[in-house]
Amino acid sequence: MRYDLVIFDNDGVLVDSEPISNRLLAAYLTELGHPTTYEDSIRDYMGSAMHRIHDLLLERTGERLPDDFDDVFHARVFAAFERELKPVAGVENVLEKLTADGVPFCVASSGSHDRIRVGHRTTGLDRWFDDGRVFSAQDVGRGKPAPDLFLYAAERMGVAPQRCVVVEDSPLGVQAAVAAGMDVYGFTAMTPADRLAGATQLFASMGELADLLV
């Protein structure tokens, strides 16, 4: 194994949540008077911490989102997760292989701890990730594309950044991993390859990832 730690993004990499959350985000922003399509949401917000959504809307429109925006959005997302959420196809095989090979792994997500936990419980992935292996943008001052979250995860896991590889599906996540001095494998299932151009490697299925990590 060429790495001492594999750091997984969560949404779109471990859990197939991006279609659900971006559909709901587009609908909620539109409802609030900021017309947004699903495609707009994927392009502008996929991989973002919540504060970036607020910042972009304020920058573009001069208007602030409601104070309860995060709470309302998360309530809608969590309810949809309970009904619809699945693991990303093939990711459990990757986690099994890493476990069998004794390779440490963790998750570092722009989502809140509550969002990560709801998704993992719903999909059964919680058995792979105890509290010591779950890191959120809530834990650091700046979310992706800043490198802070990935550096924090590596520090907590006791591994030097250059010995880590990040598995990401968003341009912001790829930028953050590169800024952290880590290799990054870009998952192109939902994101066009050209938007992940800074990645060390690109892959289209979890079966490919298992081979890349050998």
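- The closest side-chain heavy-atom distance from V165 to R2 is not below 4.5 Å.
- Side-chain contact check for L125 versus L95: some heavy-atom pair is nearer than 4.5 Å.
- Annotation: the span from F187 atom CZ to L196 atom CG amounts to 10.5 Å, rounded to 0.5 Å.
- Residues N10 and R115 are not in side-chain contact: their nearest non-hydrogen atoms beyond the backbone lie 4.5 Å or more apart.
- Side-chain atoms of Y45 and L57, non-hydrogen and from C-beta on, do get closer than 4.5 Å to each other.
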For residues 77-93, tabulate all N or O donor-acceptor pairs below 3.5 Å that involve a side-chain atom, not counting sequence neighbours.
| residue | atom | partner | partner atom | Å |
| --- | --- | --- | --- | --- |
| R83 | NH1 | A79 | O | 3.4 |
| E84 | OE1 | R23 | NH1 | 3.4 |
| E84 | OE2 | R23 | NH2 | 3.1 |

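- Between V13 and M206 there is a side-chain heavy-atom pair separated by less than 4.5 Å.
- Under the 3.5 Å distance criterion, the side-chain polar atoms of T200 are matched with a main-chain donor or acceptor of V184.
- Using a 4.5 Å heavy-atom cutoff, the side chains of V6 and V103 are in contact.
- Side-chain contact between R163 and L5 is absent, with no heavy-atom pair separated by less than 4.5 Å.
- Side-chain heavy-atom separations under 4.5 angstrom define the hydrophobic clusters, and L172 shares its cluster with no other residue.
- Legend: residues meeting ring-ring contact (aromatic ring centres under 6.0 Å, His included) with F73, ordered by chain and number and at least two apart, are absent.
- At a threshold of 4.5 Å between non-hydrogen side-chain atoms, the residues F69 and L29 count as touching.
- The two residues G102 and P104 have their closest heavy-atom pair at O-CD, 3.5 Å.
- Using a cutoff of 4.0 Å between basic side-chain nitrogens and carboxylate oxygens, R117 and D114 are not scored as salt-bridged.
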Please assess V159 against Y3 for the test side chain to side chain contact (heavy atoms under 4.5 Å, CB included), listing each intermediate value before the final yes or no.
-> CA-CA 10 Å; V159 178; Y3 301 106; over 6 Å; no
N/O donor to acceptor pairs below 3.5 angstrom from side-chain atoms of residues 132-153, sequence neighbours left out:
| residue | atom | partner | partner atom | Å |
| --- | --- | --- | --- | --- |
| R133 | NH1 | F105 | O | 3.4 |
| R133 | NH2 | W128 | O | 3.1 |
| S136 | OG | G111 | O | 2.7 |
| S136 | OG | Q138 | N | 2.9 |
| Q138 | OE1 | H113 | N | 2.9 |
| D139 | OD1 | H113 | NE2 | 3.0 |
| D139 | OD2 | H113 | NE2 | 3.1 |
| D139 | OD2 | S136 | N | 2.9 |
| R142 | NE | D148 | OD2 | 3.4 |
| R142 | NH2 | D148 | OD1 | 3.0 |
| K144 | NZ | D9 | OD1 | 3.0 |
| K144 | NZ | A108 | O | 3.2 |
| K144 | NZ | E168 | OE2 | 2.6 |
| Y152 | OH | R156 | NH1 | 2.6 |

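- Side-chain contact, D169 with T191: no donor N or O sits under 3.5 Å from an acceptor N or O.
- Within the structure, no pair that satisfies the salt bridge (Lys or Arg N to Asp or Glu O under 4.0 Å) test touches residues 190-214, not counting sequence neighbours.
- For residues 46-69, the pairs satisfying salt bridge (Lys or Arg N to Asp or Glu O under 4.0 Å) are D44-R60, with sequence neighbours left out.
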